[in-house]
Amino acid sequence: MSLSTHYNPKETESKWYAHWESKNYFHSEPDDREPFTIVIPPPNVTGVLHMGHMLNNTIQDILIRHARLKGKNACWVPGTDHASIATEAKVVKKLREQGIKKSDLTREEFLKHAFAWKDEYGGIILDQLKKLGASCDWQRTRFTMEESLSKAVIQVFVDLYKKGKIYRKLRMTNWDVEALTALSNEEVIHNDETIPLYHLRYKIEGTEDEYINIATVRPETIMADTAIAVHPDDPRFKHLVGKKALIPLINRPIPIIQDEYVDMEFGQGALKITPAHDPNDYEIGMRHGLEVIDSLNANGTLNEKAQILVGEDRFVARKKIKKLLEESGNLIEVENYTTSIGRSERTDAVVEPRLTMQWYVSMSEFAATGLEAVKSGDVKFYPEHMWNMYYQWLNEDNIRDWCISRQLWWGQQIPAWYIKTADGGRLKSDGEELVFVGATIEEALADAKKETGNNSLTINDLERDEDVVDTWFSSWLWPISVFDGFEKQDELKYYYPTNTLVTGWDIIFFWVARMIMAGYEWSEELLGKDLKGKQPFNDVYFTGMVRDNKRRKMSKSLGNSPDALKLIENYGADGVRFGMLSCASAGNDIIFDAPFDPETKQTKNESKLCEQGRNFCNKMWNALKLIKGWEIADTEQPKINELAVRWIKDKTDMVMADIEKNFESYRLSDALMNLYQLIWGDFCSWYLEMIKPAFISEGKSEPLDRKTYEATIEVYEKLMIALHPFMPFVTEEIWHQLRNRKEGNDCIIQHFPQAGRVDQSLISKVEKAKDAISKIRESRSSNGISPRESLNLFVENTQGATALFKIDGIKEMLIKLGNLSCLTLTDSEPANTVAFLSGTEKYFLELNIEIDVEAEIKRLEEEKKYLEGFINSVQKKLGNERFVSGAPAAVVEKERQKLADGLERLRLIDETLKQLK
RNA sequence: GGGUCGUUAGCUCAGUUGGUUUAGAGCGCUGCCUUGACAGGGCAGAGGUCACUGGUUCGAAUCCAGUACGACCCACCA
């Protein structure tokens, strides 16, 4: 069988993925092995794979495959998130395109459409993960809105309510006027925007031409003003305090009050107070007992309380009122002003502060638990400094209660009921609506009967809260609920706590912190004394954000993200995995190198790093081709091969120790580089050249001895297993090409190579030989001698040289890789040669050409200069009494050795220079 | 306003708790090498006063302080 010159990832990848799945290698069931568990950060069910997912999931797959090769019971649970706002927005948009309005549908009808949408588009992203090679246990695929997970949400809600940790309250919240729902603070993205700042004057009541001036960016809200505030210490306004000002256009009088919140320096020094439309104004209003006038509808249009411009959208109203104010003479000036504007993360609508009744989770206890979990080391962060950000979110000064209700349909409906009254309202007590929380309506009814003493109540008298809970209120249970842990604990007992969470730092509070809190809240209740730890995961590996070469976050709207699937098509999944990883160290944002095409204004689906990954696959493929092309004979193993085999085995073992260390500290890109250099550099460039049989004639070469061949295959196998977590497809393919395998003997389930004992002195001797070979090549190169021309080489007969060449195979190695006709120890400097140093050995290469003595002298003098500088620095160190007495003996000894070597080298150069001159 | 991270070769980054000769990798660049595994390749080479200023130390890219620049997070912003 002949192999093509280029590795073909396409066929190979689909072939092996199907094979692994058919063998059920990704599936995990509890058994007596040690588990290694990862739960996927569930992507949005309607999402498509982007670069962030690629990075994230590549890392998870590496950890899972590594654990599997280490003999652990590896379990990677995949799934998707229902992403309430984003998905609902998409569904609404699609229905609108079909001419269906959400408001014309019942809740049930809408959900039917939403689920139909989910069934059609949901899961695309999971199929895309398969292309990447993700070895998820697909039989365990979960969805945050499926029955079991929804039941858990309800159970947890009821539990927290009973524990007094959930409450309902009227508060100023962030309102998304497009999605028509409240948002949590974290769902609002603040960015600086430049907008007009309007300076207005309000006439003082009872005067003809006295005014008080204010500045506002929201003139359309003036009709809801209920006061003007000035600073108590501000002399400019002292005489106005207690008087009333008239709101322009509608002439409603409002009091002028004093409050320390006002910044005297800003704008006009006086502040209009609009309690319904600004959180700070609301606070001030509360302090002064001001009326709250809400002049905006939920959809952002002005209502009848505004008296004018009723029905206009707030931004249209802003433009129109500017004109009206101008006409009425109340507009003083308009200036451009840069301020931060909050927009909805999901719909990009400018967020409106709005006073609404919402459900909250009380966070102070949760936050303390969350902090302690990380502080105590139960949960470890990689990189560690993420603690700072975590602390900043959770410390008692910053923590805020979590608004969990959303005015949407796509999500788990809040399990709370109210008692309907005859007039269509809800039964109140002390002005507050009576509410009953229970897992079922019957439970709520029982409570209602008890509380009201009215035993004639039936379920028909109850109406359920319309709202659903925040998506994160289901995903914070993910590490428990994916194992159905709230219903039964058999699997939870085995898999919990999970091992590593791999996620972006941007959701450290949204998700990571809350999962930790949920873990501490419920795991012990569920697992009791069998608990292995309350934390949902032991380690959190934070990936960076993937950015473009201008350091902008990659996003669809900017067009600066390459198409993830196209990249896989172009470079193979292994190539892309290599590319992603080689620029990703934990916690640092990664700058992905895809070039920008100014013509299409899109990022090209090209990447130098992925190309390098593809080339690496090709390199390994061709090494395989070389080995498989050799004829094997039962001949005696030549000394050079024996040495080469010993060296590559030791070198491999040595690197395996580094790799293991790097895995332990999540230095995955370092581990990959270790392997890259070992395979490409040591194995291909050096080892294979050392053992490569001599060429005889066209298409024919000497046979290779069987012993070397077997050893080579063994080493190559080891390399493939070690590389498998990073590049699973190419390694599986080569694994099968290396030998005829029995059914089920696959790379994915081998044992990860152990680091063994290593003969350091052997390794360093071969390194010396390699150095001498490079120097021979350099001499050729700089003197214009072809590598094909065999040359004579002499070595100065010293103790060091004898020791080196005593090693079986070293001499042959130099002859073979340096293309020498002979290598001779000599006591005198041979004529017509160029000299070079390797270590403290002095070599003389016979070039068979006229030697340019001048150039040679120049070269040596440069080397001498460098050496003198070096010796000088070492001598200075050793001449320092405090160094010699203060530094560890080993360090001093090393310096002495450095000096001795340096001096010896200097002597040798001087010697040659003298001869040349 | 509070905080975090970063600044090392033209570019993207390592540098594992201060000592591996006077700092490494990949890409890019330069020279040479094409019928013999691989041009998606080979060999060799050029390229860095480790942002700056002080300090600690026998010794600093590495530790400390300050400065500058950049990125980000939180809060506030009429």
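As the structure is a computational prediction, the values presented were derived from the model and not from experiment. Every chain is numbered from 1 and lettered A, B, ... according to where its sequence line falls, protein lines coming before strand lines. The figures that follow rest on heavy atoms only: side chains count, while hydrogens, waters and symmetry mates do not.
Taking atom C1' on both nucleotides, B:U62 is separated from B:U7 by 14 Å, rounded to a whole Å. One C1' atom belongs to B:G28, the other to B:U67, and the distance between them is 34 Å to the nearest Å. The separation of B:G6 from B:U16, taken at their P atoms, amounts to 12 Å, rounded to a whole angstrom. Across B:C64 and B:G18, the matching C1' atoms stand 13 Å from one another, rounded to whole Å. Taking atom C1' on both B:C63 and B:G41, the two are 45 Å apart, rounded to the nearest angstrom. A distance of about 15 Å separates the P atoms of B:G15 and B:G24, rounded to the whole Å. Rounded to whole Å, the P atom of B:A51 lies 14 Å from the corresponding atom of B:A14. Spacing of C1' atoms, B:A75 relative to B:A68, comes out at 26 Å, to the nearest Å.
At whole-Å resolution of the value, CZ in A:F509 and P in B:C73 are 16 Å apart. As a whole-Å value, the separation of A:E611 CD from B:A39 C1' is 12 Å. The separation between A:Q875 atom CD and B:U21 atom P is 17 Å, rounded to whole Å. For A:R859 and B:A44, the CZ to C1' distance is 14 Å, given to the nearest whole Å. Counting to the nearest Å, the C1' atom of B:A78 and the CD1 atom of A:I195 are 10 Å from each other. Summarising the geometry, the separation between CD1 on A:I659 and P on B:A14 is reported as 19 Å, rounded to the nearest angstrom. Put simply, CG on A:N618 is 9 Å from P on B:G40, counting in whole angstrom units.
Using a 3.5 Å distance cut-off with no hydrogens or angles, the side chains of A:S838 and A:E841 do not pair a donor with an acceptor. In this model, a donor atom of one side chain and an acceptor atom of the other lie less than 3.5 Å apart for A:T712 and A:Y687. Side-chain contact check for A:D901 and A:Q897: at least one donor-acceptor pair (N or O, by modelled atom type) lies under 3.5 Å. A:Y211 and A:N330 share no side-chain donor-acceptor pair at under 3.5 Å.
For A:W686, there are no ring pair (Phe, Tyr, Trp, His ring centres under 6.0 Å) partners two or more places apart in sequence or in a different chain.
A:L271 comes within 4.0 angstrom of a base, heavy atoms only. A:E778 comes within 4.0 angstrom of the backbone, heavy atoms only, and of no base. Backbone-only contact: A:R400 has heavy atoms under 4.0 Å from sugar-phosphate atoms and none from a base. In this structure, A:N880 reaches the sugar-phosphate backbone alone: every heavy-atom distance under 4.0 Å involves primed, P, OP1 or OP2 atoms, never a base. At a threshold of 4.0 angstrom between heavy atoms, the contacts of A:D670 are confined to the sugar-phosphate backbone, with no base atom among them. Residue A:A890 is classed as having no contact, given no heavy-atom separation below 4.0 Å to the nucleic acid. Using a 4.0 Å heavy-atom cutoff across all strands shown, A:W393 reaches sugar-phosphate atoms only and no base atom. A:Q677 comes within 4.0 angstrom of sugar-phosphate atoms only, judged by non-hydrogen atoms across all strands, and of no base. Within 4.0 Å (heavy atoms only), A:C617 reaches no atom of the nucleic acid at all. Within the nucleic acid shown, A:K619 comes within 4.0 Å of at least one base atom, counting heavy atoms only. Contact annotation for A:V217: backbone-only contact, meaning every heavy-atom pair under 4.0 Å involves sugar-phosphate atoms and none involves a base. Among the protein residues, A:L197 comes within range of the sugar-phosphate backbone only, with heavy atoms under 4.0 Å from sugar or phosphate atoms but none that close to a base. Residue A:R614 is in base contact, counting any heavy-atom pair closer than 4.0 Å across all strands shown. Residue contacts for A:V884: at a heavy-atom cut-off of 4.0 Å it reaches no nucleic acid atom on any strand shown.
Looking only at distances, no side-chain donor or acceptor of A:D281 sits under 3.5 Å from a matching main-chain atom of A:P275. The main-chain N or O of A:V230 is never found under 3.5 Å from a side-chain atom of A:D234 such that the two would form a donor-acceptor pair.
Judged by distance alone with a 3.5 Å cut-off, a donor-acceptor contact links the side chain of A:E689 to the base of B:A37. Between the side chain of A:R667 and the base of B:U16, at least one donor-acceptor pair of N or O atoms lies under 3.5 Å. Not a single donor-acceptor contact under 3.5 angstrom links the side-chain atoms of A:K877 to the base of B:C58.
Closest to the side chain of A:N662, out of B:A75, B:U16, B:G28, is B:U16. The side chain of A:W680 sits closest to B:G42 out of B:C74, B:G42, B:A37. Side chain of A:R547, nearest nucleotide from B:U16, B:C72, B:G19: B:C72. In the set B:G2, B:G36, B:C76, the nucleotide with an atom closest to the side chain of A:F695 is B:G36. Candidate nucleotides B:G26, B:G28, B:A37 were compared by shortest atom distance to the side chain of A:Q612, and B:G26 ranks first. In this structure, of B:U4, B:G28, B:A37, it is B:G28 that holds the atom nearest to the side chain of A:K608. When distances run from any side-chain atom of A:M389 to the nucleotides B:A37, B:C73, B:A78, the shortest one goes to B:C73. Nearest nucleotide to the side chain of A:D263, out of B:G2, B:A78, B:A37: B:A78.
Not one side-chain nitrogen or oxygen of A:R788 sits closer than 4.0 Å to the OP1 or OP2 atom of B:U34. OP1 or OP2 of B:A37 lies within a sub-4.0 Å distance of a side-chain N or O belonging to A:K692. For A:S685 and B:C43, the shortest distance from a side-chain N or O to OP1 or OP2 is below 4.0 Å. Distances shown here put a side-chain N or O of A:S774 below 4.0 Å from the OP1 or OP2 atom of B:A44. Applying the 4.0 Å criterion to OP1 and OP2 of B:G59, one finds that A:K876 has every side-chain N and O outside that range.
The distance between the ring centers of A:F726 and A:F663 falls below 6.0 angstrom. In this structure, the ring of A:W393 has its center less than 6.0 angstrom from the ring center of A:F509.
Along RNA chain B, the nucleotide closest to A:G839 and the one closest to A:Y676 are compared, and the more 5′ of them pairs with A:G839. Mapping A:M673 and A:A694 onto RNA chain B via the closest heavy atom, the residue that lands nearer the 5' end is A:M673.
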* Both distances under 3.5 Å, Watson-Crick or G-U wobble: on that basis, could you give the dot-bracket string for RNA chain B, with [ ] for crossing pairs and | for other-strand partners? => (((((((..((((.....[....)))).(((((.......))))).....(((((..]....))))))))))))....

* Stepwise side-chain contact (heavy atoms from CB on, under 4.5 Å) test for A:L704 and A:E631 -> CA-CA 6 Å; A:L704 182 74; A:E631 190 191 323; over 6 Å; no

* Give the intermediate values and the outcome of salt bridge (Lys or Arg N to Asp or Glu O under 4.0 Å) for residues A:D771 and A:K775. => CA-CA 6 Å; A:D771 183 65; A:K775 296 265 167 67; 3.1 Å; yes

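Residue pairs meeting the side-chain hydrogen bond (donor to acceptor under 3.5 Å, both in side chains) criterion with at least one member in residues 881-892 of chain A, sequence neighbours excluded, do not occur.
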